[in-house]
Undergrad: 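Quick one: this structure, given as structure tokens, is what I'll be asking you about.
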Amino acid sequence: ASEVGGGDKEVVREYFNNSGFQRWKKIYGDTDDVNKVQLDIRLGHAKTVENALKMLKDSDRPLSGLSVCDAGCGTGSLSIPLAREGAIVFASDISAAMVSEAERKAREELPASAQMPTFEARDLESLDGRYDTVVCLDVLIHYPQSKADGMIAHLASLAERRLILSFAPKTFYYDLLKRVGELFPGPSKATRAYLHAEADVERALQKVGWKVSKRGLITTQFYFSRLLEAVPA
Ligand code: SAM
């Protein structure tokens, strides 16, 4: 994957519409056909979603009726429970395959009384509008640091009150290197993964007038995720 001319983004879109879609649909699903590593990532990711939901609920305003943008929604792991809680959810992803799987699951799992999220195949750079809260879980891994600042600034510009982000922290770089062979066994299954230093993400937030208000860290054997909640400084 090349970074030149935004090549990374096309590679990521292609991947999550094809082999990556099959792979991650399985990891984020609940079927038994996952190996040990995939199961570990499934459990780690579920904890990230759970912790993000806790952050979202732990506020002076109830989730019900709040507008939430889930940028890079994947198969809807966060959007669906959010809609169940009554949030008005705008779910989008660069991959049309991921978004339609999220929509299919939402129709299957949400009660008729719940407001369906609005699903859209869109890369997060093209999102506009304003939302009470913007959430972006485990998407920064597809951004080199040179593009991460702009991405964070854009997400912050869409949020009125709160931004929740998760990313693979650089502290675990060597751990991840050791395990990466098992994570991505073949070149066709991998997109390039970028880890981020927490200080770099914080600096990007500060540059646009935001500050970190809560932190979480989720680690399992093969999964590492730093979760940050940020608010206008
Ligand atoms: N946020 C979801 C979750 O936690 O369940 C999905 C995480 S998955 C590891 C990363 C997702 O980011 C993929 O669905 C991918 O298609 C999406 N993605 C990557 N780059 C993106 C971009 N520039 N704009 C929108 N979505 C993007």
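The analysis underlying the following values was restricted to heavy atoms, covering all of them including side chains, and did not include hydrogens, waters or symmetry mates. Numbering of ligands and ligand atoms starts at 1, following listing order.
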Undergrad: Run through Asp93, Leu124, Leu78, Ile80 and flag the one making a side chain to side chain contact (heavy atoms under 4.5 Å, CB included) with Cys73.
TA: Asp93

Undergrad: Would the number of heavy atoms belonging to other residues, nucleotides or ligands and lying under 6.0 Å from CG of Asp30 be above 12?
TA: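 Result for CG/Asp30: open.
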
Undergrad: Taking the six-membered ring for Trp, are Tyr15 and His142 ring centroids under 6.0 Å apart?
TA: no

Undergrad: Is the shortest distance from a Lys or Arg side-chain nitrogen in Asp58 or Lys214 to a carboxylate oxygen in the other one below 4.0 Å?
TA: yes

Undergrad: With the criterion set at N/O pairs under 3.5 Å, what does the list of contacts between the protein and ligand 1 look like, atom names and distances included?
TA:
residue  : atom   : partner : partner atom : Å
ligand 1 : 1 (N)  : Gly72   : O            : 2.6
ligand 1 : 1 (N)  : Leu137  : O            : 2.8
ligand 1 : 4 (O)  : His45   : NE2          : 2.8
ligand 1 : 5 (O)  : His45   : NE2          : 2.8
ligand 1 : 14 (O) : Asp93   : OD1          : 3.3
ligand 1 : 14 (O) : Asp93   : OD2          : 2.6
ligand 1 : 16 (O) : Asp93   : OD1          : 2.6
ligand 1 : 23 (N) : Glu125  : OE1          : 3.4
ligand 1 : 23 (N) : Tyr143  : OH           : 2.7
ligand 1 : 24 (N) : Leu124  : N            : 2.9
ligand 1 : 26 (N) : Ile94   : N            : 3.2

Undergrad: So does Tyr143 get a backbone contact from the side chain of Asp8, meaning a donor-acceptor N/O pair under 3.5 Å?
TA: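 Pair absent, no side-chain N/O of Asp8 close to backbone of Tyr143.
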
Undergrad: I need the full list of salt bridge (Lys or Arg N to Asp or Glu O under 4.0 Å) pairs touching residues 95-107, with sequence neighbours left out, sorted by first then second residue.
TA: Glu101-Arg104, Glu103-Arg107, Arg104-Glu108

